[in-house]
Amino acid sequence: MYSKKKYAGASATQISSSDEIEGTVQGHRDGHGFVVRDDGEPDIYIPPNEMRAVLHKDRVRVRIVRQDRRGRPEGRVVEIVERPPQPIIGRLLQESGVWLVAPEDKRYGQDVLIPKGATGAAATGQVVVVELTEPPALFGQPVGRVVEVLGEVDDPGMEVEIAVRKYGVPHEFSEACLAQAKALPDKVRAQDKRHRVDLTDIPLVTIDGEDARDFDDAVYCEPAKIGRTKGWRLLVAIADVSHYVETGSAIDVDAYDRATSVYFPRRVIPMLPEKLSNGLCSLNPHVERLCMVCDMLVTAKGEVHAYQFYPAVMLSHARFTYNEVAAVLANTRGPEAARHEERVEDLLNLHDVYRALLAARQARGAVDFETTETQIVCDDNGRIEKIEPRVRTEAHRLIEEAMLAANVCSADFIAQAGRPALYRVHEGPTPEKQEILRAYLKAMGVGMSIGDEPRPQEFQAIAEATKDRPDAQQIHTMLLRSMQQAIYTPINSGHFGLAFEAYTHFTSPIRRYPDLLVHRVIKSILAGTKYMLPALPTPGEAQFKLAKRLASKAAEPTIRPAKAGAASVRETQAWEAAGLHCSANERRADEASRDVEAWLKCQYMREHLGEEYSGVVSAVTSFGIFVTLDALYVEGLVHITELGGEYFKFDEARQELRGERTGIRYAIGARVRVQVSRVDLDGRRIDFRLVDEAGDVVPGKSSKAREPGKHQPHEKGRDQRMADARPFDKAGGLRRSKDQAPPSGGKKQGSGKSGHKGRRSRG
């Protein structure tokens with residue numbers, strides 16, 4: 001690691017430390033870069049000559065030396081504060097007898113020179129991992145050595161091998177972890193059942209996707225009297241991972257390091273070893289399993305009247321898929337219902353309690369927009385066979401509402417006990433996003449807006465009132481983009497989107513570390529003890545970035561430790577660090593998954609160059625429009641230079657591009673026809689051209705006609721736009737994220753369907 005190194009290009013003039021700004025370099029494939037400031041102020045542009053001696057992801061100090069014609073700051077690097085020891089992945093090439101590695105991530109901007117004898121066993125054209133031995137300089141390229149050979153670029157699964165290293169995803173369990181997992185029993189033993197409620201006679205069932213291999217939740221419902229009124233008893237049984245994964249053990253250390261399972265098409269990087277995730281902890285049918293149960297009484301209005309938590313032993317009486325349950329609910333006299341005749345009444349009870357819970361969701365005004373989700377279907381070689389929409393059935397919604405109810409009860413149970421734990425917090429829109437949304441709604445003539453203290457009911461009311469408008473998709477997209485992402489934190493600020501005062505994650509301890517921590521806290525409350533976090537590793541790069549982003553909106557804890565003092569402060573800080581770690585690694589998993597999907601889509605679209613498709617505008621930026629193809633569900637960019645022979649002005653309030661001469665507009669939801677013009681696999685970029693109704697390409701402007709004063713922020717703008725466009729909480733109820741771990745080291749068997757095919761989020 002290189003640290004505290006004065007930048008070779010710094011001016012000899014004395015620079016005041018007050019003029020220096022710290023931040024992280026974000027490179028650009030065109031050679032320039034940006035410094036993302038620690039203080040949250042606007043990014044600082046770094047010209048190509050300044051980028052010669054720094055690398056993407058370096059932490060630096062810069063001084064602002066000028067502003068461009070648009071008032072944006074331009075900087076000079078004065079010091080490299082830290083160079084993260086992250087390896088560089090790329091292809092080994094030989095040019096004029098010189099070995100070099102071209103980084104797969106083009107934001108690095110420079111090839112890495114490889115001395116003779118430092119290529120290892122790698123051959124020309126292979127994908128390799130490089131460790132830097134000499135940093136870049138103003139007049140010299142970085143130098144490195146090959147430390148790992150991944151294989152040929154077209155090898156099946158290469159995109160995943162690249163992604164896990166590119167994003168630093170732990171993908172190999174430690175020897176101590178594997179040895180500890182191997183020593184675990186293969187089935188539930190007699191001593192494991194002590195002090196547990198025996199629920200083996202209760203017909204609990206699992207409901208998951210067709211490709212599921214790990215089953216972490218089971219449900220059962222029956223009618224119940226609540227006072228003089230009718231209601232239901234709803235049982236949500238969750239795999240008791242905490243019984244086998246002890247705090248501070250080798251398995252626990254590896255699980256915390258990963259923090260979440262990472263899902264790719266055809267492969268998963270699980271949080272726990274396979275013996276646990278697909279075997280001992282998985283609620284497989286017709287075998288005894290240990291579980292933690294949230295036992296609830298739900299009223300006819302969908303309110304949880306009472307609940308209790310307890311450890312139990314259960315036996316899943318059936319393994320249902322979503323499609324099977326949906327078929328039973330659609331026709332209780334059909335063939336699917338006949339196959340599961342003994343479980344039909346239980347499924348109908350589950351459907352009844354779901355409808356009550358759904359009515360309660362609507363009454364409290366939780367945000368619930370319907371969005372089109374897709375799944376990638378791969379062939380045996382790991383290539384995309386097709387991309388198809390994922391149909392969300394009543395069975396998906398049924399499970400989601402049951403999981404949300406259990407999560408709310410777990411948050412309430414912990415809050416009532418006054419114990420520190422990790423909540424799943426989703427705060428309302430920032431003031432800046434509020435203003436953008438208000439201006440947009442006014443410009444679009446919606447006639448409704450949000451207040452100074454926005455409530456989720458307002459968002460849902462706007463969505464409901466505009467659902468029949470031609471531009472409904474555009475309006476709903478803007479509503480979603482105005483929201484923040486959810487995080488894990490011990491400071492309970494509620495969940496804005498779901499309209500809950502307290503919410504946490506209890507239902508997926510096989511694949512999410514925060515859920516495992518929640519189980520441990522609940523168990524400690526039941527036992528009358530106090531759960532203490534183990535010593536945790538120092539936060540890394542992702543956590544550091546997230547901490548800086550959240551620092552400006554830190555709030556006082558709503559649940560304070562019972563006793564003040566140094567110990568309680570350290571405890572609170574430990575929980576905050578754990579929340580930061582889990583939130584950051586969740587982001588890391590999302591980024592790695594998106595990177596692999598983008599690789600596969602680019603690979604897929606290379607076979608469709610020159611072909612024409614209809615599509616819809618899915619986003620509008622100052623540099624062009626993003627279009628999602630109807631038939632393929634693939635998104636690409638129509639650059640502003642390809643929109644026609646005139647200047648287009650970006651209207652931020654309306655989120656549209658408008659031609660100055662013709663007045664033609666391009667806004668979210670607009671229908672267009674495009675031709676696939678270019679696919680850049682390395683840059684994960686697909687470019688389209690507009691074509692008219694006659695099938696002719698719309699003539700674009702020359703390269704000189706681009707908007708004046710721009711740094712052409714294609715990738716930077718694209719990546720940020722993609723991140724901002726994601727729904728506020730993948731794991732909080734709006735969209736999917738729950739999937740299942742395949743067997744045998746992560747390689748899926750059978751159908752070859754995407755690892756993203758599983759159910760929607762279970763909260």
Please report the closest heavy-atom contact between [X] and [Y], naming both atoms and the distance.
X    : Y    : answer
T206 : F215 : CG2-CB, 4.0 Å
A486 : R424 : CB-NE, 3.5 Å
L422 : W575 : CD2-O, 3.5 Å
T321 : R319 : CG2-NH1, 3.4 Å
M314 : A218 : CE-CB, 3.8 Å
I525 : I414 : CD1-CA, 4.1 Å

Between [Y] and [X], is there a side-chain donor-acceptor contact under 3.5 Å, judged purely by atom types and distance?
X    : Y    : value
S242 : D240 : yes
E400 : Y354 : no
Y167 : R588 : no
Y263 : D590 : no
D412 : Y307 : yes

### side-chain contact (heavy atoms from CB on, under 4.5 Å), paired with L272, selected from V241, D214, D254
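With L272 as partner, V241, D214, D254 yield a single side-chain contact (heavy atoms from CB on, under 4.5 Å), made by V241.
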#### Entry: Matching residue for S410 among I238, T507, T504, D515 - test: side-chain contact (heavy atoms from CB on, under 4.5 Å)
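Exactly one pass, corresponding to T504.
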### Derivation of the side-chain contact (heavy atoms from CB on, under 4.5 Å) call for S282 and D216
CA-CA 6 Å; S282 182; D216 49 17; over 6 Å; no
Would you please indicate yes or no on a ring centroid separation below 6.0 angstrom for [Y] and [X]?
X    : Y    : result
F320 : H340 : yes
Y423 : F500 : no
H505 : Y488 : yes
Y503 : H495 : yes

### Query
Under the criterion salt bridge (Lys or Arg N to Asp or Glu O under 4.0 Å), which of E159, E104, E591 is the partner of K166?
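By the salt bridge (Lys or Arg N to Asp or Glu O under 4.0 Å) criterion, K166 pairs with just one of E159, E104, E591: E104.
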### Message
Just to verify, what does H317 make a ring-ring contact (aromatic ring centres under 6.0 Å, His included) with, not counting sequence neighbours?
### Response
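H317 satisfies ring-ring contact (aromatic ring centres under 6.0 Å, His included) with no residue once adjacent residues are dropped.
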#### Entry: Test applied, side chain to side chain donor-acceptor pair (under 3.5 Å); reference residue, Q485; option that passes from E586, R587, H426
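Of the listed options, the one satisfying the test is R587.
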### Query
Thinking salt bridges, do R343 and E324 make one under a 4.0 Å N-O criterion?
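No, no charged N to carboxylate O under 4.0 Å.
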### Query
For the residue pair Y322 and H396, does the interplanar ring angle fall in the parallel (under 30°), tilted (30 to 60°) or perpendicular (over 60°) class?
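Y322 vs H396 ring planes: parallel.
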#### Entry: Neighbour count above 12 (heavy atom, 6.0 Å) for E345 CD
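Result for CD/E345: open.
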### Message
For E246, is the CD atom crowded, meaning more than 12 foreign heavy atoms sit under 6.0 Å from it?
### Response
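Not buried by this count: 12 neighbours or fewer within 6.0 Å.
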Give, for atom [atom1] of [X] and atom [atom2] of [Y], the distance between the pair rounded to the nearest 0.5 Å.
X    : Y    : atom1 : atom2 : value
M403 : C294 : CE    : SG    : 9.5 Å
L290 : R196 : CG    : CZ    : 4.5 Å
L234 : L357 : CG    : CG    : 7.0 Å

### Stepwise side-chain contact (heavy atoms from CB on, under 4.5 Å) test for I162 and V127
CA-CA 8 Å; I162 291 173; V127 180; 4.1 Å; yes
### Any donor-acceptor N/O pair, H519 side chain to P509 backbone, under 3.5 Å
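Checking the backbone N and O of P509 against the side chain of H519, no donor-acceptor pair under 3.5 Å is found.
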### Query
Could you go step by step and tell me if L276 and L184 meet the side-chain contact (heavy atoms from CB on, under 4.5 Å) rule?
CA-CA 9 Å; L276 288 165; L184 290 171; 3.6 Å; yes
### Task
Determine, stepwise, if the pair L280 / Y244 fulfils side-chain contact (heavy atoms from CB on, under 4.5 Å).
CA-CA 9 Å; L280 191 55; Y244 299 105; 3.4 Å; yes
### Task
Please say whether the positively charged group of R258, taken as NZ for Lys or CZ for Arg, lies over the ring of F173, i.e. under 6.0 angstrom from the six-membered ring centre and within 45 degrees of the axis.
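Judged by the rule (NZ or CZ under 6.0 Å from the ring centre, within 45° of its axis), R258 counts as positioned above F173.
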#### Entry: V262 side chain reached by V164 side chain, heavy atoms, under 4.5 Å
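Sidechains of V262 and V164: no contact.
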